[in-house]
There are 2 protein chains.
Amino acid sequence: MATLIAPSNHSSAEDAEALQKAFKGWGADDKTIIAILGHRNVHQRQQIRKAYEELHQEDLIKRLESEISGDFERAMYRWMLEPADRDAVLANVAIRNGKKDLHVIAEIACVLSAEELLAVRRAYRHRYKRSLEEDVAANTTGHLRQLLVGLVSSYRYEGDEINARLAQSEANILHETVKEKKGNYEEAIRILTTRSKTQLVATFNRYRDEHAISISKKLLDNQASDDFYKALHTAIRCINDHKKYYEKVLRNAIKKVGTDEDALSRVVVTRAEKDLRDIKELYYKRNSVHLEDAVAKETSGDYKKFLLTLLGKQD
Amino acid sequence: MATLIAPSNHSSAEDAEALQKAFKGWGADDKTIIAILGHRNVHQRQQIRKAYEELHQEDLIKRLESEISGDFERAMYRWMLEPADRDAVLANVAIRNGKKDLHVIAEIACVLSAEELLAVRRAYRHRYKRSLEEDVAANTTGHLRQLLVGLVSSYRYEGDEINARLAQSEANILHETVKEKKGNYEEAIRILTTRSKTQLVATFNRYRDEHAISISKKLLDNQASDDFYKALHTAIRCINDHKKYYEKVLRNAIKKVGTDEDALSRVVVTRAEKDLRDIKELYYKRNSVHLEDAVAKETSGDYKKFLLTLLGKQD
């Protein structure tokens, strides 16, 4: 379930007018900006952007960028993009940041459905005049490249069929890769980049049954510092249960000294219209603290107001 | 230009009736079947199939399979499928045939546009309940797997931009891979599976300028018997000039002792509505024999009649 609270009746023209008014004078009226855009769904935001362009011959996103700043601006910018375009931007940023962010590529590739991932590849091509896999491949090497290129290029089967024998044999192959650094990387990559998610979950379950530990935990035990294993870990977690994965991203972002605003914004902005309510519940279960309270404690100003709005806080 | 001759005015219902009549009695009236289906474009064939199903509660393709046989049947079956579905079938047959046919996978992946290839992946998933890359990966290993999976999963950028410096540096990388068996496979695979076709053609041109031989010829010199190099060769030829590639497939299929009907049918059926006329011209230029005459000499019966019809022979 989503956390976004959006009215069913709104007028794009009136919203565009109100935003224009909020931009007037010295310093924007951030409260109004949040009150409007923090309460509109993706379709409504695109309509407002269109209405604003027609009324004022100016791109609303560009105007927002010049009116606001910092973490608030970055979060708002991402919020204003269509989901596929937003993920294309997030993927590009991750590629440019290199090593430390490459797991975001695995996240995007493994959380999305086959058609959603394809829409991101289309948006990426349109925006950057290169293919997503081209940029990933040009900025990575070895097994990490093979894994990430395979993940972003996948168009997985999405039926419910499970092949139990295959799950058994491929759980064994994954075990070989996980338990020692000299594992059968190629086969592990083939399995994770081509099998259907339903089949993979069955394989992960077989793994847990045999080894009394989940494959993602086992991975953490061993080689969490290695980039390849980190991406592998992200891929497995996102395929297995992306909501639990996001809960952990939020937990880590919040508990980090200084707070990881990029990760925090990424999860809140990309999930607010999808399943952020479920993620919030998982967060509370795991931390005995409400996500809104944790976010409020670690952030401030308009950025805080905006995140809390997307988290479903009633004004 | 296409070779197919299809009337703009036809009635699907009348065609369906005429086909039903042709099926009656002992042995089908193949002449009528060819006269109708060999002169209908993809849209018309789908309409006839629909009309036939409605009129006779029977799938036209299934009926055709039971009425005709041999090379004629196989060619007609492929002709009756929609292009993306047909390519999905061709890819699956190639995977099942293994080694000797894997270059067909490279052919399909490199000749089609990004969206066309995607349509094939969609059709494959729908038909076989697995993804195309999944089946390719499960039936290959090593560099051949990396190359083929990369090719079928690609969604290349299709703009006209050329980066001349990149063409130079990547021509050098390809040269390393081609000149010795211990080449930098990984980088060659990255280049061929992710760069735009326009960029790759510029890279191949740089190669030729530097080495006074085309990269595909150079590949043939060295290791034509190796599966990986064979697929690499096919990929490069299809990206560089797929019509010249198809001319050669036809030439080899015809001059082979016993004729390679699978290859012959594949090219005629898949290109008849696209650019078979251009391929015919290339064939005549290269062999000083008209393709129709060569095909007529090497084939017989209804199969011959059908191919010649698709090749644009006036009845």
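Letters go in sequence order (proteins before strands), and every chain restarts at 1. We use all heavy atoms of the structure for the numbers below, so side chains are in, but hydrogens, waters and symmetry mates are not.
Remark: K244(A) NZ is loosely packed, at most 12 non-hydrogen atoms of other residues, nucleotides or ligands lying under 6.0 Å away.
For R195(B), the parts lying near chain A are the backbone and the side chain together; criterion is any non-hydrogen pair under 4.5 Å. Within the 4.5 angstrom heavy-atom criterion, atoms from both the backbone and the side chain of E133(B) approach chain A.
Residue-level contacts of residues 134-158 of chain B with chain A, in order of numbering, are E134(B), A137(B), A138(B), G142(B), R145(B), Q146(B), S153(B), S154(B), Y155(B), R156(B), Y157(B), E158(B); threshold 4.5 Å between heavy atoms. Residues of residues 89-126 of chain B that come within less than 4.5 angstrom of chain A, heavy atom to heavy atom, are A114(B), E115(B), L118(B), R121(B), R122(B), R125(B) in numerical order.
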